[in-house]
Amino acid sequence: MKSKNILKKVVAFTLIGLLAACSYERSSVSGWDYNNPRNGGFQKVPYEEQETGPGLILIQGGTFTMGRVEEDLMKDFATTPRRVTVSSFYLDETEVTNFNWCEYLYWIGRTYTDFPMVYKKALPDTLVWREKLAYNEPYTEYYLRHPSYRDYPVVGVSWLQANDFCAWRTDRVNEWILIREGILMMNPNQQNEPFSTDAYFAGQYDQGVNPRGQIPDMNPSKGGYDPSTGKFKSKDLVTRNVRMSDGILLPRYRLPTEAEWEFAAYGLIGNTMEERIVERRIYPWNGHWVRNPDDRWQGQLMANFVRGRGDMMGVAGNLNDNADITAPVFSYWPNDYGLYNMAGNVSEWVMDVYRPLSSEEYDEFRPFRGNVFKTKVLNSTGSIAEKYDETMYDVYGIKQYLAEFQLERLGTADRKYTKYPHGARLDSLERELLKEVNTYVDEAIKFSKDKQPIEASRRIREIFDNVFDDFDNRIQQNPDFIDYSLEISPMLRSGISEYVVNTPGNVKVRETTAEENLKRRNYRVADNIDELDGDINSSIYYPNSANGGERVGQINAGSMNEDWVMYQSGKEKGLAGAQDPTSLISDKSKVFKGGSWRDRVYWLSPGTRRYLDHDLSTANIGFRCAMDRVGSPIGLGDPR
């Protein structure tokens, strides 16, 4: 990471130096001194601009036409062109690599020693490479960890896992900044209670503090000032944590929004003269062709994609894109922002929830669908509640998973397989284990209903810590079951791990409520995913329609699911004769953008869009991280 602000690197020493200064900058509003403990100590820290985080490139924002630039081959009318404005932001130069993910896994495995389920949840699905009629087995074993694929994009990662990686990266970068500035000392042994940015801001992280590098608190009421004598002693000032207002720590890494990703992929900054975009683009490069027109590389393909039926890499001796599957992330030519593989190689997750009509309903400034507004949990004194010391679980999701698992094991699941490979495979011992596990889950659900989420998650943890091992020990001590192997235990361990929703060390958050937003006009409820496309007001059951009143009554009574009023993505018991799902679209459907090594050239256009459930993954979807740009959209390099 390169710091572009020298003052930021010595801010702690600068603040200490200000205490001894003879004159102070004064407020143009009140006339009082800044940074003067003798008159209150309100601080104005030296600051120039946001530091660029590791791996990021500044994407200068602007206006562009988002959506379709080619014929709508899918005829789903989900990419209606719309002019919007995107603010400046940062985006990774390349896709996240296998080596990046292995670093992440190593850190999790080394840190969460008491919570192995956190590591299991972070593992990519390496089995996404398997195909029923293809031999891809080597990739399941080698692609993630073999050094030959070190610089290839990570795949088999779900949208949820990608978001977890972004959160981890935020905390690791900010922790390193504090170490670099001398505020924290290197502390690799943070077992089960790692650094998190929010916990540090809340004053709930105190490991590895460097006593010589702390920032003085200039508030005289906390120390250093004797009101009885009017004397001030700078050596008696207390210290404080870094605040957001110091400008030292960076904003969160996150997935880019769909609009941001599409804007960055086109790289239209290279086709701009004054206020005119002189040539619109179909791909991240000029022209309607996919080969490089430059004399030095004439005829070479610009991206990694499928050129035609069965042609994944070309003919021996002259491979057209030099990649049979994915390619190293620095392959091919970057676009005009300096971003690599914004077309081809792997498709990429973005932050948005998918809706077909989003392009017609988006806000014209920073468009995004998927807002679920949250706030930090406060205790009875109004302070931020203590951070999590326990792994938190989606107990209702676990209950549903266990029900589906048992049906599948019995061979009675409701699915359209061509055959039942083994029929019923659930024996009496496995049935007994499932019964015991379900007992713990039911107790967890009861705790959850009583608003005791910590206790609920502790019951789930007992399944990992006690139930599986105790049950297995009882079997091994029984002479009637010699050589019996309890096959489903590792399956259940892995499956339940998928429902981890928070980890120790993170600050508690919750969704906002309508009652605390009574006087707001911009929003009331927390979940706005279905706004104008999926809520009851946008369906045929809107309140003033012929059947609207009846449907609203059914939803209020709990007999029908409000989330399925427009997109019925699950079995709706309240619908006679039409219970089965009628749509693949749900609140879990997330957008992924761009073409991949398995796609034809049509999908290389940044305006195309597809979707997949947030807990699923494939061998051709990866991701890259983004970060908000705060302050000036152009930075110090532009004289304006």
ring-ring contact (aromatic ring centres under 6.0 Å, His included), that's the test. Do W107 and Y104 meet it? Break it down for me.
CA-CA 5 Å; W107 185 92; Y104 170 52; 7.8 Å; no
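A 4.5 Å side-chain heavy-atom check between R240 and Q43 finds at least one atom pair inside the cut-off. Looking only at side-chain heavy atoms (C-beta outward), V441 and I463 come within less than 4.5 Å of each other. Between E430 and L486, some side-chain heavy-atom pair lies under the 4.5 Å cut-off. The closest side-chain heavy-atom distance from Y567 to D533 is below 4.5 Å. Side-chain contact between F468 and L433 is present, with at least one heavy-atom pair separated by less than 4.5 Å. M627 has its side chain out of reach of T52: every pair of non-hydrogen atoms, C-beta onward, lies at least 4.5 Å apart.
Checking side-chain atoms of N478 against main-chain N and O of I475 turns up no donor-acceptor pair under 3.5 Å. Listed for the T140 side chain is no donor-acceptor partner under 3.5 Å among the backbone atoms of W129. In this structure, R524 contributes its side chain and L518 its backbone to a donor-acceptor pair below 3.5 Å. Counting only distance, with no hydrogens or angles, the side chain of S539 and the backbone of I536 share a donor-acceptor pair below 3.5 Å. A donor-acceptor contact shorter than 3.5 Å is absent between the side chain of D352 and the backbone of Y354.
Side-chain contact of T618 with N620: a donor-acceptor pair under 3.5 Å is present, judged by distance alone. Between the side chains of Y484 and D427, at least one donor N or O sits under 3.5 Å from an acceptor N or O. For the residue pair D472 and Q476, a side-chain donor N or O sits within less than 3.5 Å of a side-chain acceptor on the partner.
Annotation: Y106, atom OH; neighbour count of heavy atoms from other residues, nucleotides and ligands within 6.0 Å does not exceed 12. Counting heavy-atom neighbours within 6.0 Å of E562 CD, excluding the residue itself, gives a total of 12 or less. Atom CZ of F99 has 12 or fewer neighbouring heavy atoms from other residues, nucleotides or ligands inside a 6.0 Å radius. Within a 6.0 Å sphere centred on OH of Y401, heavy atoms belonging to other residues, nucleotides or ligands number more than 12. Atom CZ of R252 is surrounded by 12 or fewer heavy atoms from other residues, nucleotides or ligands within 6.0 Å. No more than 12 heavy-atom neighbours from other residues, nucleotides or ligands sit within 6.0 angstrom of NZ on K222.
For Y362, there are no ring pair (Phe, Tyr, Trp, His ring centres under 6.0 Å) partners two or more places apart in sequence or in a different chain.
Taking the six-membered ring for Trp and thresholds of 30 and 60 degrees, F195 and Y200 have ring planes inclined between 30 and 60 degrees apart. Classified by interplanar angle (parallel below 30°, tilted 30° to 60°, perpendicular above 60°), the ring pair F115/Y112 is perpendicular.
For the pairing with S358, the side chain to side chain donor-acceptor pair (under 3.5 Å) check across E258, E531, R369 returns one residue only, R369.
When every heavy atom of E390 is checked against every heavy atom of S457, the shortest pair comes out as CG-CB, 4.3 Å.
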